[in-house]
2 protein chains.
Amino acid sequence: MARNDQNHTTQERLLNEAEILFAEKGYHAVSVREITKAADCNLAAVNYHFGNKQNLYLEVFRSRWAPRARRLQEHVKNSLAAQSHFSAAAMVKAIAQAFLEGPLSEDEQLRHYQLITREMAHPTEAFELVAKDVMRPAFRELADGLRSVMPEGMSEERLMLNILSIFGMVLYFNFARVAVTHMIGCQYDQAFKARLVEHITDFSLTGLGIGKEEEPR
Amino acid sequence: MARNDQNHTTQERLLNEAEILFAEKGYHAVSVREITKAADCNLAAVNYHFGNKQNLYLEVFRSRWAPRARRLQEHVKNSLAAQSHFSAAAMVKAIAQAFLEGPLSEDEQLRHYQLITREMAHPTEAFELVAKDVMRPAFRELADGLRSVMPEGMSEERLMLNILSIFGMVLYFNFARVAVTHMIGCQYDQAFKARLVEHITDFSLTGLGIGKEEEPR
DNA sequence: ATTCATATCAAACGAACGTTTGATTGTCAA
DNA sequence: TTGACAATCAAACGTTCGTTTGATATGAAT
């Protein structure tokens, strides 16, 4: 039986191809026939191995998205552990770098953000899954780290809004690549991504960098 | 012939209901039957008035999204014109306020951002349409305004990245409502939106507000 | 009264969808 | 060699999809 993907099982090939297609087109725009064709297996394989299409979609988040998110979280943690002292600048840079120049390949990155962006805009069971198991713990940990370098007495909400904002910028500059390149007019190559990390870091630390002016009344 | 929506024409009712449904579920997850049922008209009406489903989708962006985006742009422009002198703080606040507490109703806002978020993550012909006619001109105008209050000689790219970042934060806090409320644990009521405007303004102006620290080496 | 264009309708079209079925294969323990 | 089991297959299932068709109603112009 000819199998192009080395010794991957049918289950694994289905998950791989399903993730690519779901990320690219969204759940409803992808058919089971399209997935099984890409995975080079029979149409019935999805139902045999996963029960139905919906469950294959959930399994993509369980067995592909969540572990990758945890890898990213580890990457950030290791970057910070390598610092001799903890600073806000180091933290922001570690996040931006992990998510834009981190351990993920170009394609993996794009898939990762497209999948979660769809879920954030219109959550399904998959969002509940990764929010509970991955996102909330990661956010909490980052917020606790940030607390130690922010002015004392900052409310929990402000703290979370700051973390959400940093994460939001990273997410935005990833999922909105097409829009960004349309507006700026350049490719997402290695050089531009480095400049982007620099920009996100700067912006998250100092905003526009010109402080708040009093408005005349 | 009983028509519930006052004197709206079938075309208008189709556009209204189509926008609501496309924003809520996305193009492929909405059927023509669902739209025509919501608009209380015959199944064939979509093809009669718009040719096909795809063209109805495009017409939603042409005749509903684009004018609303222009209304928002006007709102920002008027807010700024009311200022006696132009400042970065005023500009950021005008943008955040227009997009979160501006002329749009709660529902309109949600629809507006869900539609464009889908297009940014996976652009179709509709994105080309509104990018060329609405978004690019608006971004250019904002960048020109920002240039006058930023240090001289700032590169065009940095200028655009700043504008994109402000816009990105606003977009993010709108389309990712569900995620934000999941993480923070509160509703998007009027009070929270006001705090959000304050946060976005502060963050865009001063970031975390603790400057950039030197990393030890 | 007749004509004509516009709009709406019920009904049907073929295609694609997710899922199920029942037969067939390969593997390995008994 | 046999039996059992998991995996794969072609084929078909019933639904739903976007679209088309041809008939019917409406209103203004001739």
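Proteins get letters first, then strands, A, B, ... in listed order; numbering begins at 1 in each.
- Taking only distance into account, the side chain of B:N42 never meets the base of C:dA7 through a donor-acceptor pair shorter than 3.5 Å.
- Nucleic acid contact class of A:A45 (heavy atoms, under 4.0 Å, all strands): none.
- Under 3.5 Å, the side chains of B:Q187 and B:T181 contain no donor-acceptor pair of N or O atoms.
- Checked by atom type, the side-chain pair B:S165/A:H199 shows a donor-acceptor distance below 3.5 Å.
- Between A:Y27 and A:F22, the ring planes lie parallel to each other; the angle is under 30°, not in the 30° to 60° tilted range.
- Whole-Å rounding puts the A:Q11 CD to D:dT8 P distance at 9 Å.
- Counting to the nearest Å, the C1' atom of D:dG18 and the NE2 atom of A:H28 are 16 Å from each other.
- Phosphate contact (OP1/OP2 of D:dA7, side-chain N/O of A:T10, threshold under 4.0 Å): absent.
- With rounding to whole Å, B:D40 atom CG is found 12 Å from C:dT8 atom C1'.
- Side-chain nitrogen and oxygen atoms of B:H49 include none within less than 4.0 Å of the OP1 or OP2 phosphate oxygen of C:dT6.
- Protein atom CG of B:L43 is 18 Å distant from nucleotide atom P of C:dA7, rounded to whole Å.
- For the pair A:K37 NZ and D:dC9 C1', the interatomic distance rounds to 17 Å; values are reported in whole Å.
- Phosphate contact (OP1/OP2 of D:dC17, side-chain N/O of B:S31, threshold under 4.0 Å): present.
- The CZ-P distance, from A:F50 to C:dT20, rounds to 16 Å in whole Å.
- Listed nucleotides: D:dC9, C:dG18, C:dA10. Nearest to the side chain of A:V32: C:dG18.
- Sequence order on DNA chain D of the closest nucleotides to A:R33 and B:N47 puts A:R33 first from the 5' end.
- Closest non-hydrogen pair, B:L142 versus B:M91, comes out as O-CE, 3.2 Å.
- When distances run from any side-chain atom of A:K53 to the nucleotides D:dT19, C:dG18, C:dA7, the shortest one goes to C:dG18.
- Put simply, CG on A:L14 is 12 Å from C1' on D:dA7, counting in whole angstrom units.
- Relative to the six-membered ring of B:F173, B:K193 misses at least one condition, a distance below 6.0 Å or an angle of at most 45° to the axis.
- Rounded to whole Å, the distance from OH on B:Y48 to P on C:dT8 is 8 Å.
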